[in-house]
Participant: 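Quick one: the structure is below, questions incoming.
Here is how names work: the chains are called A, B, and so on, in the same order as the sequence lines, proteins then strands, and each is numbered from 1.
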Amino acid sequence: MNAPLLHTPLYDLHVELGAKMVPFAGYAMPVQYPLGILKEHQHTRDKAGLFDVSHMGQVKLVGAGAAAALETLVPVDIQDLPVGMQRYALFTDDKGGILDDLMVSNFGDDVLYVVVNAACKEQDVAHLKTHLGGQCEVVELADRALLALQGPAAAAVLARLAPSVAELKFMQNAQLELDGVPCYVSRSGYTGEDGYEISVPADKAEQLARRLLAEPEVEAIGLGARDSLRLEAGLCLYGHDIDTSTTPIEGSLLWAISKVRRPDGARAGGYPGADVVARQIADGVAKKRVGFIVRDKVPVREGAEITDGDGTVIGRVTSGGFGPSFGGPVGMGYVPASHAAAGTALFALVRGKPVAIEVAKTPFVPQRYYRG
Amino acid sequence: MSDIKFTDSHEWLRLSDDGSATVGITGFAQEQLGDIVFVQLPRVGERFAAGDEAATIESVKAAGEIKIPVSGTVVEVNAALEDEPSRVNDAPLTDGWFFRVQLDDAGELDTLMNEVAYQQLVGELA
């Protein structure tokens with residue numbers, strides 16, 4: 001387990017900027033810069049933050065059969081995904097457990113572009129090759145970096161490099177030049193803010209990052225703030241809030257299952273574990289992912305047990321921490337469906353002591369996606 | 001300058017003439033913890049034996065605790081930290097103090113590091 005950490009193309013830039021580097025999914029990644037997690041978080045909500053997410057996996061699926069083939073692995077409508085649109089998807093296993101969550105974009109000309117989590121990317125590429133091998137080409141884009149520019153000023157900043165990005169709406173994407181570099185740009189992100197994710201050739205990533213950081217609104221933001229931003233936005237972190245022990249229904253991700261792929265849809269089922277998911281849609285689930293707020297000011301962290309009023313352990317926290325924009329601790333976890341209604345009073349055990357929490361709707365701060 | 005002592009777990013204790021000691025965490029400790037968002041203070045009147053956990057600190061990254069290296073009774077707490085825990089980051093050795101204890105035996109402080117020894121320890125960690 002002592003394999004040397006991989007570096008993204010921006011490693012030297014992170015070090016130059018004074019980042020504190022930590023191991024994450026096999027990579028040395030910036031957890032914070034000298035600004036610190038709290039200010040980085042607030043800066044992203046106020047102006048614009050630049051994130052290096054080059055550790056994530058980028059894959060192209062090429063061929064006339066790619067969309068139909070990918071539908072055999074995800075409960076999502078890929079065949080009718082319009083050209084220039086991106087959609088959230090989940091790889092499921094035979095028991096309906098979640099193998100990874102991913103973004104799928106239709107680039108047109110029988111090309112799908114897929115972004116998967118860093119920690120899962122080897123497994124995901126193998127999964128795609130095993131199941132789609134005969135039907136389309138699976139091409140890992142190891143020579144591309146990935147940046148995210150997030151925050152209310154992101155659109156104005158990026159439009160200085162390419163005015164047309166201002167016209168993209170949430171979850172739309174385009175292939176265009178930024179600072180003379182051909183990029184894939186989608187209006188999406190993992191912060192709850194308006195913003196973009198930018199796939200750039202690895203050898204041009206530093207040039208583009210420096211160009212963006214030179215804009216007065218932009219600060220470099222590390223993984224620490226990325227986590228508090230996505231938590232406040234109510235977005236799941238794979239391996240924590242969802243994994244193979246949770247189905248999309250238990251994970252409260254029914255919204256991600258396209259209507260045509262649901263039991264009464266035109267292309268119902270046809271993905272691994274569809275029978276389990278169909279049964280859970282019909283009959284409900286025993287446990288469910290919920291958000292919660294904390295009555296006291298104590299941050300409740302991942303792994304804390306959740307109890308009912310009698311002190312009986314009924315669930316577990318999967319993500320939790322201080323929400324700087326919310327102004328207090330927030331979290332997510334799994335509880336019995338009987339205790340999942342917003343407003344339900346529960347407790348979390350922190351250092352052995354019960355801390356009052358309350359089931360709450362997510363996101364904890366309003367999402368500010370640009371929908372046109 | 002009053003007499004200030006340090007622990008190897010990065011607390012400081014400043015001895016007053018009345019035999020009480022004010023306790024906080026060092027600049028090194030607050031840097032390691034990052035932005036502090038919550039502090040749980042002891043109650044005035046609470047008694048601690050040397051080595052007890054007397055306060056809890058939560059940063060955006062992690063939880064930490066203050067272990068009191070000497071035995072004594074809490075006589076005052078810095079209640080301002082409850083609303084403004086960032087004082088610990090901004091001024092760990094002054095405004096960011098945690099609590100003051102009346103020591104059972106001021107002689108216990110003699111076993112702790114002085115400033116020179118502590119700076120040497122931090123130098124080795126950096």
Side-chain angles (χ1 to χ4, degrees), chain A residues 18-22 24 29-45 221-232 293-304 317 319-331 348-355 357, chain B residues 9-11 25-43 46 48-49 51-68 74 77-93 95-96 98-99 122-126:
Chain A
K20 189 179 287 184
M21 305 299 286
V22 299
F24 184 85
M29 296 299 289
V31 67
Q32 67 173 84
Y33 298 86
L35 198 55
I37 293 173
L38 212 55
K39 290 200 179 82
E40 290 172 29
H41 176 111
Q42 283 154 349
H43 186 90
T44 306
R45 293 253 185 266
I221 310 296
L223 291 181
R226 184 171 161 82
D227 193 52
S228 55
L229 288 159
R230 70 91 196 166
L231 176 60
E232 282 185 339
I293 58 172
V294 182
R295 293 291 187 80
D296 203 349
K297 291 179 185 170
V298 193
V300 173
R301 296 182 194 276
E302 179 178 0
V317 173
S319 276
F322 183 74
S325 307
F326 179 76
V330 293
L349 297 178
V350 178
R351 292 178 282 275
K353 290 182 191 138
V355 170
I357 63 173
Chain B
S9 47
H10 309 286
E11 291 97 358
I25 65 169
T26 66
F28 177 84
Q30 67 81 18
E31 265 173 43
Q32 295 297 307
L33 280 164
D35 302 304
I36 291 165
V37 295
F38 174 78
V39 168
Q40 186 138 45
L41 296 167
R43 289 185 309 279
E46 208 167 342
F48 292 104
D52 282 357
E53 264 180 37
T56 312
I57 310 162
E58 295 265 6
S59 77
V60 286
K61 281 189 281 192
E65 67 283 324
I66 289 191
K67 281 193 181 155
I68 183 164
V74 176
V77 299
N78 185 4
L81 296 187
E82 286 170 359
D83 289 326
E84 249 185 293
S86 59
R87 285 183 182 215
V88 181
N89 293 114
D90 297 338
L93 295 176
D95 282 355
F98 279 70
F99 55 87
V122 168
E124 285 162 15
L125 295 171

Participant: Looking at A/Pro299 and B/Val37, what are the two nearest heavy atoms and their distance?
Facilitator: CG-CG2, 4.1 Å
Participant: Which answer fits B/Glu31, side chain, backbone, both or neither, if we ask what part of it has an atom under 4.5 Å from a heavy atom of chain A?
Facilitator: backbone
Participant: Are there residues of residues 56-63 of chain B that reach to under 4.5 Å of chain A by heavy atoms, and which ones?
Facilitator: B/Thr56, B/Glu58, B/Ser59, B/Val60, B/Lys61, B/Ala62, B/Ala63
